[in-house]
Amino acid sequence: MTIRQALLDWYDANQRDLPWRHTRDPYAIWVSEVMLQQTRVETVIPYWERFLARFPTPAALAAATEDEVLGLWSGLGYYRRARLLHRGVREVVARYGGEVPEDRDARLALPGVGKYTAGAIGSIAFDRAEPIVDGNVARVLSRVHRIETPLGVAQTEQRLWEEAAALAEGPRPGALNQALMELGATVCTPRAPRCEACPVRSACAGRDVAERLPVPRKKAAPKEVSVAAVVVRSGGRVWLARGQSALYGGLWSVPMCEHAPAQASLLERHEGLPADEAARSALAEVGIVARLGAVAGELEHVLTHRRMRVRVYRASHARAEAHESLRSVDPSELEEGEIGVSKLTRRILAIGVS
DNA sequence: GAACCGTGGCA
DNA sequence: TTGCCAAGGTT
């Protein structure tokens, strides 16, 4: 029995019942693959179901506004994924009549579609022999072939894609690719792998050292950032501005501005603004005139590359004019998933509105 | 290549 | 508490 056949047999008997495994619609699979980027299966499932119910076809998604798309994506994170998916699907509608292209290069040229996503759509939806290497596949193949060079370096990546390509060749490439990922997710796990339950253990060169493979790449330490946020209330409503930065771009947020951390302002003199000046600056930036009030509280929000300390101010007596990037909302509207806001904004509002 | 982009679960 | 890291892509 070949490794390939052992993986297919194991997958047929052990795969989880996931909602996107009930369709071969390349658009639906595309959506699932984008949502699953760096995100756990259990988190994605309800988002995927809501998204497909609201936008069942490429044409439906293409006709939606970015605000609607981000509203359904709200809370899922990595919001640029949603904007790129939206653009990509619009391109499919405009250039390919709404049919996801079977040609791999055409798929790769779509915004937000890299080697992994292109291969996932190609193999799963079109049953083409295209390889994929995600975190699961990298771990499985690193162990099976006992690859000791670190992830992320060119030599390692090239080897992984070569091995994945060799496996993809043959019958049922979509099932084979999903078998590799499923094995990585449920058996060949990062810690405490269940080698005794592995269908390819007899062929695994790394089974005795599995837990120290793959060798991880070096990671940058999270950057500490201090932020002032202002909850501006008027008449039971709260003012939100549309973010334009890379972080939370396109989402609605309370006015925010980075300020100098407490220690740094002492050590490095006047590097950056004091918190209350940052809060006033945040209001001015979005065109809100208001009276800055007291600090309502503080919170810490941790991202992969940042550790944000947020000081939440209140402000009152607001004078502002709504436009495309400034609006007031009733806090109850935020519970319906209709407005694109981050978890951070929700946490800030929980402190500032009460 | 390295840095950047969110959130949540787990040991 | 802290660090790891999960079906990656872009710049």
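Each chain gets a letter, A, B and so on, in the order the sequences are listed, and its residues count up from 1. The structure displayed is predicted, hence computed values, not measured ones.
- Residue K218(A) has no polar side-chain atom (N or O) positioned under 4.0 Å from OP1 or OP2 of dA2(B).
- Remark on DNA chain C: of its neighbouring residues V41(A) and P111(A), the 5'-side contact belongs to V41(A), judged by nearest-heavy-atom nucleotide.
- Going from atom CZ of R80(A) over to atom C1' of dT11(C) covers 8 Å, rounded to whole Å.
- Across all strands shown, L247(A) has heavy atoms under 4.0 Å from sugar-phosphate atoms exclusively, and none from any base.
- N177(A) contributes atom CG, which lies 9.0 Å from atom CD of E130(A) (distance to the nearest 0.5 angstrom).
- If you check every strand for non-hydrogen atoms under 4.0 Å, L18(A) touches a base.
- Checking the phosphate oxygens (OP1, OP2) of dG6(B), no side-chain nitrogen or oxygen of H305(A) falls inside 4.0 Å.
- Partner of L61(A) under the side chain to side chain contact (heavy atoms under 4.5 Å, CB included) criterion, chosen from V69(A), V92(A), L52(A): V69(A).
- Within 4.0 Å (heavy atoms only), R346(A) reaches no atom of the nucleic acid at all.
- R81(A) comes within contact range of no nucleotide atom at all, as no heavy-atom separation falls under 4.0 Å.
- Across the protein-nucleic acid pair, R191(A) atom CZ and dA6(C) atom P stand 9 Å apart, rounded to whole Å.
- Mapping S342(A) and G152(A) onto DNA chain B by nearest heavy atom places G152(A) at the nucleotide closer to the 5' end.
- Proximity of Y79(A) to the phosphate of dG9(C): no side-chain N or O atom is located under 4.0 Å from OP1 or OP2.
- Taken from CD1 in I124(A) to CZ in R21(A), the straight-line distance is 8.0 Å, to the nearest 0.5 Å.
- Taking all atoms of both residues into account, the shortest heavy-atom contact from S74(A) to Y47(A) is O-OH, 3.0 Å.
- T117(A) contributes no side-chain N or O that forms a donor-acceptor pair with the base of dG9(C) under 3.5 Å.
- Contact annotation for R87(A): no contact, since no heavy-atom pair falls under 4.0 Å across all strands.
- Contact annotation: R306(A) reaches the phosphate of dC5(B) (side-chain N/O to OP1 or OP2, under 4.0 Å).
- Protein atom CG of L70(A) is 16 Å distant from nucleotide atom P of dC5(B), rounded to whole Å.
- Whole-Å rounding puts the E157(A) CD to dG1(B) P distance at 9 Å.
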| task | Could you check E196(A) against R201(A) for salt bridge (Lys or Arg N to Asp or Glu O under 4.0 Å), going step by step and ending with a plain yes or no? | result | CA-CA 7 Å; E196(A) 72 285 356; R201(A) 62 186 175 284; over 6 Å; no

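- Between the CH2 atom of W30(A) and the P atom of dG9(C) there is a distance of 12 Å, rounded to whole Å.
- Taking atom CZ on R212(A) and atom C1' on dC4(C), their separation rounds to 19 Å, with Å as the unit.
- The residue A192(A) sits apart from the nucleic acid: no heavy atom pair falls under 4.0 Å.
- The residue W20(A) sits close to a base: some heavy atom pair falls under 4.0 Å.
- Within 4.0 Å of T43(A), counting heavy atoms only, lies no atom of the nucleic acid at all.
- Of the listed nucleotides (dG9(C), dC5(C), dT7(B)), dC5(C) has the atom at the smallest distance from the side chain of R40(A).
- Between W20(A) and W48(A), the ring planes are perpendicular. Angles over 60° get that label, and only those under 30° would be called parallel.
- Residue K219(A) places no side-chain N or O under 4.0 Å from the OP1 or OP2 atom of dG3(C).
- Counting any heavy atom pair closer than 4.0 Å across all strands shown, I132(A) reaches no nucleic acid atom.
- Straight-line distance between the P atoms of dG8(B) and dG9(C): roughly 23 Å, to the nearest whole Å.
- Between R159(A) and E163(A) there is a salt bridge, since at least one side-chain N of the basic residue sits less than 4.0 Å from a carboxylate O of the acidic one.
- Taking 4.0 angstrom as the limit, K223(A) places none of its side-chain polar atoms (N or O) nearer than this to OP1 or OP2 of dA3(B).
- To the nearest whole angstrom, the two P atoms, one in dC4(C) and one in dA3(B), are 15 Å apart.
- Nearer to the 5' terminus of DNA chain B, by closest-nucleotide assignment, is the contact made by A221(A) (compared with the other of H301(A) and A221(A)).
- One interatomic measurement links the two molecules: CD of Q38(A) to P of dG8(C), which rounds to 5 Å at whole-angstrom precision.
- Of the side-chain N and O atoms in R83(A), none sit less than 4.0 angstrom from OP1 or OP2 of dC5(B).
- Nucleic acid contact for G184(A): none, since no nucleic acid atom lies under 4.0 Å from a heavy atom of the residue.
- No engagement by V44(A) is indicated, since no non-hydrogen atom pair under 4.0 Å with the nucleic acid exists.
- Among the protein residues, R16(A) comes within range of the nucleic acid bases, having at least one heavy atom under 4.0 Å from a base atom.
- Between the CZ atom of R217(A) and the P atom of dG8(C) there is a distance of 11 Å, given to the nearest Å.
- Nearest nucleotide to the side chain of K343(A), out of dG8(B), dG1(B), dG9(C): dG8(B).
- Taking the charged nitrogens against the carboxylate oxygens, E224(A) and R309(A) have no contact shorter than 4.0 Å, which rules out a salt bridge.
- Nucleic acid contact for K115(A): sugar-phosphate only, since backbone atoms but no base atoms lie under 4.0 Å from a heavy atom of the residue.
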